[in-house]
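What's counted below: heavy atoms across the whole structure, side chains too, no hydrogens, waters or symmetry copies. Proteins get letters first, then strands, A, B, ... in listed order; numbering begins at 1 in each.
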There are 2 protein chains.
Amino acid sequence: MTTTATQPERARIVAVARRLVERDGPDALSMRKLAADLGVAHTAIYWHVGGRDELVGAIVDSFIADLGEVRPRGRSPRTRMESIALDVHRQAVEHRALVSLAFEQGRATALWQPAHVALAREVEAAGLRGAAAARAVQTILYLAGAFVTLEAALEEHAETRAAVALSRRVFSDALEAVLDQLEGK
Amino acid sequence: MTTTATQPERARIVAVARRLVERDGPDALSMRKLAADLGVAHTAIYWHVGGRDELVGAIVDSFIADLGEVRPRGRSPRTRMESIALDVHRQAVEHRALVSLAFEQGRATALWQPAHVALAREVEAAGLRGAAAARAVQTILYLAGAFVTLEAALEEHAETRAAVALSRRVFSDALEAVLDQLEGK
DNA sequence: ACCTGAACACCGTTCAAGT
DNA sequence: ACCTGAACACCGTTCAAGT
């Protein structure tokens with residue numbers, strides 16, 4: 001009799017939970033709905049992954065692990081910095097439900113660690129050093145983060161499509177302005 | 001026997017609810033906790049103001065009504081635009097719990113209507129007209145809105161104080177960059 | 001007209017009991 | 001070791017019943 005190499009139950013639970021969140025949004029994640037999806041009593045989840053906080057933590061972990069390497073595009077440092085900012089924004093908006101969970105965990109910064117590293121490289125290539133370089137990286141990252149949260153808030157709460165489109169355009173306008181100023185120095 | 005001119009019960013309920021939200025945050029607002037504060041059965045609230053959505057709507061109404069006139073400061077249009085943006089940001093951060101409720105209602109734009117009007121005046125004084133003027137107003141307002149939601153998300157979810165301080169600095173940096181670009185045209 | 005209490009359908013968490 | 005079911009303390013909403 002061969003023992004089937006089953007996927008650990010914990011990993012399966014987290015995977016199903018993540019799918020649930022990506023499909024129906026962060027508010028749809030409840031221990032009881034998840035248990036129904038899994039076909040177990042909802043109290044079984046506590047044995048494998050712990051309470052809601054630990055479950056959300058595990059989902060965020062799996063999201064961070066999947067977050068692809070950041071690939072800057074373009075020739076000049078300027079266009080490469082811009083591409084990173086746009087990538088960060090796009091990735092976050094595509095997975096806004098998971099980003100929302102990351103914020104719930106107070107782990108927003110961990111999300112943008114890869115982008116942070118990539119940006120630091122480009123900012124240096126643009127000729128900035130030390131405090132000015134660090135400041136430039138933070139400005140670009142937080143700008144992207146700000147508009148991610150704005151768009152998430154607008155979309156989650158049924159604001160008009162027009163508002164979301166406006167927000168996106170303002171983001172790229174502000175990004176241009178910030179990059180212009182960076183080059184001017 | 002004189003009939004005491006009692007404050008309408010509906011207004012009293014909304015006022016107590018608003019205080020509750022401002023003191024303990026938006027998540028602390030529940031029909032049952034509010035009823036306990038009021039000293040009535042929680043089902044009585046339904047008679048006077050309706051369900052949770054209507055209650056939140058009424059709180060947001062009272063917030064918007066209290067939102068003071070926007071008073072631009074400074075001599076040049078540039079500094080006046082800046083003061084408006086900073087005021088919007090400051091007001092929203094001071095009342096982030098109420099702003100959060102306004103977003104929940106999909107009424108974020110209504111919140112910034114007075115600032116919108118004041119900004120339009122200053123943008124025109126700065127020499128912009130038509131589509132360019134409208135675009136400038138939107139850029140400044142959405143920039144402020146983006147950093148309000150970012151800060152709210154950071155603070156609500158126990159992110160470090162350092163992250164909030166950084167966010168605030170990036171906001172003023174980005175605002176400078178945007179205003180610089182506006183003047184350059 | 002105004003308010004209550006019971007009821008219903010949710011939610012997260014704990015824990016004794018089973019296998 | 002793993003899972004269940006009952007129990008507890010929450011939540012919003014409806015509604016018949018009282019005054």
- Atom CD1 of B:I45 and atom P of C:dC2 are separated, to the nearest Å, by 16 Å

- Stems involving DNA chain D: give each as a range paired with a range, ordered by first number, where a stem means at least three consecutive Watson-Crick or G-U wobble pairs under 3.5 Å. C:4-8 with D:12-16, C:12-16 with D:4-8

- Message: For nucleotides 11-17 of chain C, give me one character per nucleotide, 5' to 3': B if any protein heavy atom sits under 4.0 Å from the base, S if the only such contacts are to the sugar-phosphate, - if neither.
- Response: BBBBB--

- Task: Kindly state each residue pair satisfying salt bridge (Lys or Arg N to Asp or Glu O under 4.0 Å) with at least one member in residues 51-67 of chain A, sequence neighbours excluded.
- Result: A:R18-A:D66, A:R52-A:E104, A:D61-A:R107

- Message: Applying a 4.0 Å non-hydrogen cut-off, can you work out what B:A41 is touching in the nucleic acid: base, sugar-phosphate, or nothing?
- Response: sugar-phosphate

- Item | Pairwise salt bridge (Lys or Arg N to Asp or Glu O under 4.0 Å) hits with a residue in residues 28-44 of chain B, at least two apart | B:R23-B:D37

- ring-ring contact (aromatic ring centres under 6.0 Å, His included) against B:H95, all qualifying residues, sequence neighbours excluded: B:F63

- Partners passing side chain to side chain donor-acceptor pair (under 3.5 Å) against A:T43 (at least two apart in sequence or in another chain): none

- Message: What is the distance, to the nearest angstrom, from the NE2 atom on A:H48 to the P atom on D:dA1?
- Response: 12 Å

Check: residues 68-80 of chain B side-chain donor-acceptor pairs under 3.5 Å, at least two apart:
from  : atom 1 : to     : atom 2 : distance (Å)
B:R73 : NH1    : B:D87  : OD1    : 3.4
B:R73 : NH1    : B:D87  : OD2    : 3.2
B:R73 : NH2    : B:D87  : OD1    : 3.4
B:S76 : OG     : B:T79  : N      : 3.2
B:S76 : OG     : B:T79  : OG1    : 3.1
B:R78 : NH1    : B:D180 : OD1    : 2.8
B:R78 : NH1    : B:E183 : OE1    : 3.3
B:R78 : NH2    : B:E176 : OE1    : 2.5
B:R78 : NH2    : B:D180 : OD1    : 3.4
B:T79 : OG1    : B:S76  : N      : 3.4
B:T79 : OG1    : B:S76  : O      : 2.9
B:R80 : NE     : B:E122 : OE1    : 2.9
B:R80 : NE     : B:E122 : OE2    : 3.1
B:R80 : NH1    : B:G74  : O      : 3.3
B:R80 : NH2    : B:E122 : OE2    : 3.1

- Message: Which residues pass the ring-ring contact (aromatic ring centres under 6.0 Å, His included) test with A:F171, not counting sequence neighbours?
- Response: A:H89, A:F147

- Query: Are A:E9 and A:R12 ion-paired here, with the side-chain N under 4.0 Å from a carboxylate O?
  - Reply: yes

- Take the protein atom CZ of B:R10 and the nucleotide atom P of C:dC2, then report the distance between them rounded to whole Å. 13 Å

- Query: Could you state the CZ-P distance from A:R12 to D:dC2, rounded to the nearest angstrom?
  - Reply: 14 Å

- Query: Mind checking what makes salt bridge (charged side-chain N to carboxylate O under 4.0 Å, His left out) contact with A:R121, not counting sequence neighbours?
  - Reply: none

